[in-house]
There are 2 protein chains.
Amino acid sequence: MDPHLLRTYVTVARLASFSEAARELGYTQSAVSQHIAALEADLALPLLTRRPVAPTPAGERLLEHAGALLLRLDAARADLDRFAAAPRATLSVAASPLALHARTLAALPATGVTLRALPREAVPAAVATGEADAGLVDGIAAPSDPLRLPDVAPLAATGVAEEPLAVVLPTTHPLAGRSGLRLDDLVDARWLDAPAAGLPLDRLRGAHGGPAGRGFRTALRYEGTDTRTLAALAAAGHGLALLPAPVAADVSGATAVPLIAPRLVHRTELLLPAASRAEPTGPVAEFTRRLKS
Amino acid sequence: MDPHLLRTYVTVARLASFSEAARELGYTQSAVSQHIAALEADLALPLLTRRPVAPTPAGERLLEHAGALLLRLDAARADLDRFAAAPRATLSVAASPLALHARTLAALPATGVTLRALPREAVPAAVATGEADAGLVDGIAAPSDPLRLPDVAPLAATGVAEEPLAVVLPTTHPLAGRSGLRLDDLVDARWLDAPAAGLPLDRLRGAHGGPAGRGFRTALRYEGTDTRTLAALAAAGHGLALLPAPVAADVSGATAVPLIAPRLVHRTELLLPAASRAEPTGPVAEFTRRLKS
DNA sequence: GCCCGCTATAAGCGTTCCTGATGGACGATG
DNA sequence: CATCGTCCATCAGGAACGCTTATAGCGGGC
């Protein structure tokens, strides 16, 4: 299970073509064919169906492993490269959309910053592989509990902000007059499913609010990253949205009601490669210091 | 960064010798020397000091990455092998000591079981690499919250038991008469540090009970795995011990007082390789079914 | 000061791995 | 239904890699 073989395997699976993968990887088609054959021989399992080229069930599982493995490998290389690299004058930050708010934006240095918005899951990977010097992720957690992040590589996470959560309802909604909402009040409600723009609802399920099996019923799925659109959808009655209270309060044409039970908060964390802990100077350290003060 | 090179690197680092590592790996000393040279050239970093052979700071970091990487690789291979392997009649279970209690033991099949007690951190790895068919881990968590486990590989975790926590005090202790204890009552207390036999105290720190910087003061460190010894140490006044309430209640010569704040429980989870989800029959499925019912 | 053990380097050789060419299978097209 | 085109599998040759054997260089112990 050579990483080279895994790399060509995931490429073939992604492109659904041996020849295409060969072009992308700079190999001949023959080499790619031999790579796949070697993998299948090694594991004694068929990994791909040919014509059309698609992963078998075993291949599907290998894809999960291979993805994580190659990511981990890139992360290791990037981490070690940082040891040798000269400190740079620029700062590249990867952040999930809702992690960008007054508190974090204020901490950014005045010049030399590249800010990249990414889906929540991609932020740890970006920091681990060195694509970003630092990351900002947000999520739902119990007060002063750390977020549950996929540990692709040793990363140091520090909490930088916590704020209440609020439910965004149409002004005409029967519960819009409440001063606070319990999740139990909303078990029958329809939610907006907006993994990129909003908050991951599945963190609520199971842990609190009833038996683990009960999911959240979703009315509409929004795949963009724009929070204003999400709020507008909620205002238009397409479903309820869960947002950090400061964001929810700004929504026009809708009412924001704080979530009071279960006791959960919107939390933002700073992600750094564990190696840079010791680094005393440079834009990363500057950013870190301003976030913590 | 070939896995073979990483493998020899970690071996050299562990044995602090090129020649020893060569013997263990079945290479010549020359090959090992070339492996290390290749790694150092690739990363453009010195990884080991020679005479004595010891990792440099960069080498220390590589060790962390390499360990996780090789583990992940073994896990992937084991997971894929399960696809091809014929279902077996035996069941091998890896468990942390406190995960073994009436509820879990009752679910074990009558015959063909190998039960291996391991330190808490090693259980996920054992399941991932296929050394065990299933795992039982315990830990501290908020009620109906999942445990925080290192994700070495895609594993499926299911809660199987939760029970209150109790503090074990000498009968003469001023707080021994209480019917319940708050963690705040105990900030100044001395604790027994028993990572193998007891519960990991650091889960308490930070999340609850005050500023994150405040640690737990430990009086005595016990490195064995025997819970009775731990209890005896607590009874003898060497420090306080935190245990699941049913276990703590059985301690003679000491008093067990339930922990009532923060609201935390002792939780046991079943760990299965994510692949075996679909497996409908066999001893693993049998064990799973009996645990869940 | 000599010797022993350890790591580094050099040369040789077997194996691996990639390329280029060719064969065979499937699907599209008329 | 025949033909063509595309795509993957296979084969043979050559370059490159990686391991072994042999030897040099360096330190520490006696």
Side-chain angles (χ1 to χ4, degrees), chain A residues 1-60 62-63 66 69-70 73 76-77 80 84, chain B residues 1-60 62-63 66 69-70 73 76-77 80 84:
Chain A
M1 296 219 334
D2 189 314
H4 290 253
L5 301 189
L6 293 180
R7 180 172 232 74
T8 79
Y9 173 71
V10 300
T11 310
V12 169
R14 174 165 50 83
L15 300 175
S17 157
F18 285 49
S19 323
E20 278 287 319
R23 268 188 287 280
E24 179 167 321
L25 296 169
Y27 288 131
T28 58
Q29 173 268 321
S30 171
V32 170
S33 186
Q34 291 177 45
H35 280 187
I36 303 299
L39 261 182
E40 292 186 324
D42 181 22
L43 297 170
L45 282 170
L47 297 173
L48 292 170
T49 63
R50 325 294 149 103
R51 215 177 313 266
V53 174
T56 63
E60 293 280 6
L62 181 59
L63 273 181
L69 223 26
L70 293 175
L73 205 59
R77 154 146 275 128
L80 271 292
Chain B
M1 298 222 325
D2 190 312
H4 290 250
L5 302 188
L6 293 180
R7 180 173 233 71
T8 81
Y9 173 71
V10 300
T11 311
V12 170
R14 174 165 50 85
L15 300 175
S17 158
F18 285 50
S19 321
E20 279 287 320
R23 267 187 288 280
E24 178 167 321
L25 296 169
Y27 287 131
T28 57
Q29 172 270 319
S30 173
V32 170
S33 186
Q34 291 176 46
H35 279 187
I36 304 299
L39 261 182
E40 292 186 323
D42 181 23
L43 298 169
L45 283 170
L47 297 173
L48 292 170
T49 63
R50 325 295 151 102
R51 219 176 306 269
V53 174
T56 62
E60 293 280 6
L62 181 58
L63 272 182
L69 224 25
L70 293 175
L73 205 59
R77 152 147 278 123
L80 271 292

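Chain A is the first sequence line, chain B the second, and so forth, proteins listed ahead of strands; every chain is numbered from 1. All values derive from a computational prediction rather than experimental measurement.
- The two residues A/Leu63 and A/Ala13 have their closest heavy-atom pair at CD2-CB, 3.8 Å.
- A straight line from CG of A/Asp2 to C1' of D/dC17 spans 13 Å, rounded to a whole angstrom.
- Taken to the nearest 0.5 Å, the NE2 atom of B/His4 stands 11.0 Å off from the CG atom of B/Leu25.
- Atom CE of A/Met1 and atom CG of B/Leu73 lie 4.5 Å apart (nearest 0.5 Å).
- Screening residues 2-14 of chain A for salt bridge (Lys or Arg N to Asp or Glu O under 4.0 Å) gives A/Arg14-A/Glu24 as the qualifying pairs, with residues at least two apart or on separate chains.
- One distance of note links CG of B/Leu43 with CG of A/Leu80; it measures 5.0 Å at 0.5 Å rounding.
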What N/O pairs connect the protein and nucleotides 28-30 of chain D at under 3.5 Å? Give each pair on its own line.
none

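- Of all nucleotides in DNA chain C, those with any atom nearer than 4.0 Å to a heavy atom of chain A start and finish, going 5' to 3', at C/dC18 to C/dC26.
- With a 4.5 Å cut-off on side-chain heavy atoms, B/Leu15 and B/Val53 do not count as touching.
- Take B/Arg50 and apply the side-chain contact (heavy atoms from CB on, under 4.5 Å) test, not counting sequence neighbours, and it matches B/Phe18, B/Ile36, B/Glu40, B/Leu48.
- Residues A/Pro3 and A/Leu70 share a closest heavy-atom pair of O-CD2, 4.0 Å.
- Note: B/Leu62 CG to A/Arg77 CZ = 10.0 Å, rounded to the nearest 0.5 Å.
- Near DNA chain D, defined here as any heavy-atom distance below 4.0 Å, the residues from residues 22-41 of chain A are A/Gln29, A/Ser30, A/Ser33, A/Gln34, listed numerically.
- Partners of B/Ala38 according to the side-chain contact (heavy atoms from CB on, under 4.5 Å) rule, which considers only residues two or more places apart in sequence or in another chain, are B/Leu5.
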